[in-house]
Participant: 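The structure's right below; bear with me while I get my questions together.
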Amino acid sequence: MELKICHMYPDVLNLYGDRGNVLCMQRRLQWRGIDAAVTKLPIGSAGSLAGYDLVFIGGGQDFEQQVLLEDLHRGKDREIRAAVEDGIPFLTICGGYQMLGHYYETYDGKRCDFIGAVDLVTIGSKKRMIGNYKFRCGQESGGSLVVGFENHSGMTRLGSSVKPLGTVLAGYGNNGEDGTEGVRYQNVFGTYSHGPLLPKNPELCDHILLTALQRKYGRAELQPLDDAAEIAAHDEVAARI
Ligand code: GLN
């Protein structure tokens, strides 16, 4: 078995170790004898997403998001929308998560027209939402308790056709108001959690990997790994937040 992973915009969107998510997915597959090839798709590169089994997009500041707009609207917007509708799993973090929505209006009034692959909008607020936080994933996203770190000014509101990734237990999540965190639509997992997210939350990592394997191979299972150290770290942090 093999998963082909695409890391989009690794040169522009990579905050707080977001790249660690790609390494984590790759290692957790390899430890089970499953091949995992990672292809980087930097700004300016052409190419279809159709051959990939999983796409990762990290976070970035308002400036980087604005830098990417031209490149996005030169065809990657259509590629991403088609890949999402085809059920290719996406993991997208913060700025990369916002980018899948319709638009982002920054606090100082600049509007970034994004790609509308997922029904959500983001509006910058004066107050930055910063800190460690935790949330519980919905059942369709595995139901695990996730610990993470958020740092965003954007307040995201979900449209009625999409679900949140989870429910906030401590911290801000999508907007600090409605208790939602991230998004689930088709096989898109969008979240505000930097840090990186997956090494600290192996259960969610395996849920995403299994989603990709089942889409590709029909039936698939993941052998359990010895996650004693990861679980001990996770539980200690969860108790502190
Ligand atoms: N620029 C966005 C915001 O502040 C995203 C930030 C990020 O990716 N950490 O809302």
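Just so it is clear, the structure is predicted and the values come from calculations on it, not from any experiment. Below, each value reflects all heavy atoms present in this structure, side chains not excepted, and no hydrogens, waters or symmetry copies.
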Participant: Any heavy-atom pair between the side chains of Asp86 and Arg215 that's under 4.5 Å?
Facilitator: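 Answer yes - side chains close enough.
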Participant: Kindly say whether Leu197 contributes a backbone atom to a donor-acceptor pair with the side chain of Asn201 at under 3.5 angstrom?
Facilitator: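 Yes.
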Participant: Counting C-beta onward and ignoring hydrogens, is there a side-chain heavy-atom pair between Val237 and Lys200 closer than 4.5 Å?
Facilitator: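 Sidechains of Lys200 and Val237: no contact.
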Participant: Nearest heavy-atom pair of Cys94 and His152: which atoms, and what distance?
Facilitator: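 That would be SG-CB, 3.9 Å.
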Participant: Less than 3.5 Å apart, any donor N or O on the side chain of Asp62 or Tyr104 sitting next to an acceptor on the other?
Facilitator: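 Their side chains do contain a donor-acceptor pair, which is all the 3.5 Å distance test asks for.
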Participant: Hey, what do you get for CH2 (Trp31) to CD (Gln26), rounding to the nearest 0.5 Å?
Facilitator: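 CD of Gln26 is found 11.0 Å from CH2 of Trp31.
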Participant: Measure across Cys137 and Val146 and return the closest heavy-atom pair with its distance rounded to 0.1 Å.
Facilitator: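 Scanning both residues, the minimum pair turns out to be SG-CG2, 3.7 Å.
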Participant: Do Leu13 and Met99 come close enough that some side-chain heavy atom pair is under 4.5 Å?
Facilitator: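 The answer is yes; the side chains approach within 4.5 Å.
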Participant: Do Tyr192 and Thr156 have a side chain donor and acceptor closer than 3.5 Å?
Facilitator: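 Present: a donor and an acceptor within the cut-off.
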Participant: According to a hydrophobic-cluster definition based on side-chain heavy atoms being under 4.5 Å apart (Ile, Leu, Val, Met, Phe, Trp, Tyr only), do Tyr172 and Phe135 belong together?
Facilitator: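 No, because Tyr172 and Phe135 fall into different hydrophobic clusters, even though each may have its own neighbours under 4.5 Å.
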Participant: Could you go through Glu70 and Arg74, starting from their C-alpha distance and side-chain angles, then the distance that decides it, and tell me whether this counts as salt bridge (Lys or Arg N to Asp or Glu O under 4.0 Å)?
Facilitator: CA-CA 6 Å; Glu70 208 186 309; Arg74 239 186 268 133; 3.0 Å; yes
Participant: Just to verify, what does Tyr9 make a ring-ring contact (aromatic ring centres under 6.0 Å, His included) with, not counting sequence neighbours?
Facilitator: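 Tyr9 satisfies ring-ring contact (aromatic ring centres under 6.0 Å, His included) with no other residue.
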Participant: Would you confirm whether Arg81, through its side chain, and Ile115, through its main-chain N or O, come within 3.5 Å as a donor-acceptor pair?
Facilitator: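 Yes; judged by distance alone, with no hydrogens or angles, the pair exists.
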Participant: Give a yes or no answer on whether the side chain of His207 reaches the backbone of Ser144 with a donor-acceptor pair at less than 3.5 Å.
Facilitator: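 Not at all, since once roles are kept as given, no pair shorter than 3.5 Å links the two residues.
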Participant: Of all the heavy-atom pairs spanning Val162 and Asp119, show the shortest one and how long it is.
Facilitator: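 Where Val162 meets Asp119 most closely, the heavy atoms are CG2-O, 3.5 Å.
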Participant: Backbone N or O of Ala238 within a donor-acceptor pair of the Lys134 side chain at under 3.5 Å?
Facilitator: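 Flag set: sc Lys134 to bb Ala238 pair under 3.5 Å.
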Participant: So do Asn174 and Leu120 actually touch side chain to side chain, heavy atoms under 4.5 Å?
Facilitator: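 No, every pair of side-chain atoms sits at 4.5 Å or beyond.
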Participant: Closest approach of His194 and Asp18, non-hydrogen atoms and distance?
Facilitator: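 Minimum heavy-atom contact is ND1-OD1, 3.0 Å.
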Participant: Going by an N to O cut-off under 4.0 Å, is there a salt bridge joining Glu140 and Arg184?
Facilitator: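 No, this pair does not count.
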Participant: Between Ile80 and Leu72, is there a side-chain heavy-atom distance shorter than 4.5 Å?
Facilitator: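 Yes, at least one pair of side-chain atoms sits under 4.5 Å.
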Participant: With a 4.5 Å limit on heavy-atom distance, are the side chains of Asp35 and Leu29 in contact?
Facilitator: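 No - every pair of side-chain heavy atoms lies 4.5 Å or more apart.
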Participant: Under a 3.5 Å distance rule, please check whether Asp71 uses its side chain to pair with a backbone N or O of Gly44 as donor and acceptor.
Facilitator: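 Yes: the side chain of Asp71 pairs with the backbone of Gly44.
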Participant: Considering non-hydrogen atoms only, spot the tightest contact between Thr180 and Pro164 and give its length.
Facilitator: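 Nearest pair, atom of Thr180 first, then Pro164: CB-CB, 3.8 Å.
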Participant: Would you say Phe63 and Ile43 are hydrophobically clustered, going by side-chain heavy atoms of ILVMFWY under 4.5 Å?
Facilitator: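 Same cluster: Phe63 reaches Ile43 through Ile, Leu, Val, Met, Phe, Trp or Tyr contacts under 4.5 Å.
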Participant: Is the backbone N or O of Gly166 less than 3.5 Å from a side-chain atom of Arg136, with the two atoms forming a donor-acceptor pair by type?
Facilitator: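 Between the backbone of Gly166 and the side chain of Arg136 there is no qualifying donor-acceptor contact (under 3.5 Å).
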Participant: Please say whether more than 12 non-hydrogen atoms of neighbouring residues, nucleotides or ligands are located less than 6.0 Å from CD in Gln66.
Facilitator: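 Buried by this count: over 12 neighbours within 6.0 Å.
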Participant: Count the heavy atoms belonging to other residues, nucleotides or ligands that lie under 6.0 Å from OH of Tyr16, then report whether that count exceeds 12.
Facilitator: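 Count over threshold, so yes.
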Participant: Kindly compute the distance separating CG (Leu54) from NE2 (His7), expressed to the nearest 0.5 Å.
Facilitator: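 Leu54 CG to His7 NE2: 12.0 Å, rounded to 0.5 Å.
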Participant: Does some side-chain heavy atom of Arg111 sit less than 4.5 Å from a side-chain heavy atom of Glu105?
Facilitator: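 Result yes, sub-4.5 Å side-chain heavy-atom pair found.
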Participant: Side chains of residues 216-225: which donor-acceptor pairs under 3.5 Å do they make with residues two or more places apart or in other chains?
Facilitator:
from, atom 1, to, atom 2, distance (Å)
Lys216, NZ, Glu2, O, 2.9
Lys216, NZ, Asp53, OD2, 3.0
Tyr217, OH, Glu2, N, 2.9
Tyr217, OH, Glu2, O, 3.2

Participant: Looking at Ser45, is its backbone amide N or carbonyl O close enough to the side chain of Lys76 to form a donor-acceptor pair, meaning the two atoms are under 3.5 Å apart?
Facilitator: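 At least one qualifying donor-acceptor pair exists.
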Participant: Check for a donor-acceptor pair, side chain of Glu181 on one end and backbone N or O of Thr191 on the other, with a separation under 3.5 Å.
Facilitator: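 Not at all, since once roles are kept as given, no pair shorter than 3.5 Å links the two residues.
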Participant: For a quick test of reading the model, state the closest non-hydrogen atom pair linking Gly154 to Thr122 and the distance between them.
Facilitator: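 Heavy-atom minimum between the residues: CA-CG2, 3.5 Å.
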Participant: Is the shortest heavy-atom distance from the side chain of Asp206 to the side chain of Arg32 under 4.5 Å?
Facilitator: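 With C-beta onward as the side chain, the pair touches.
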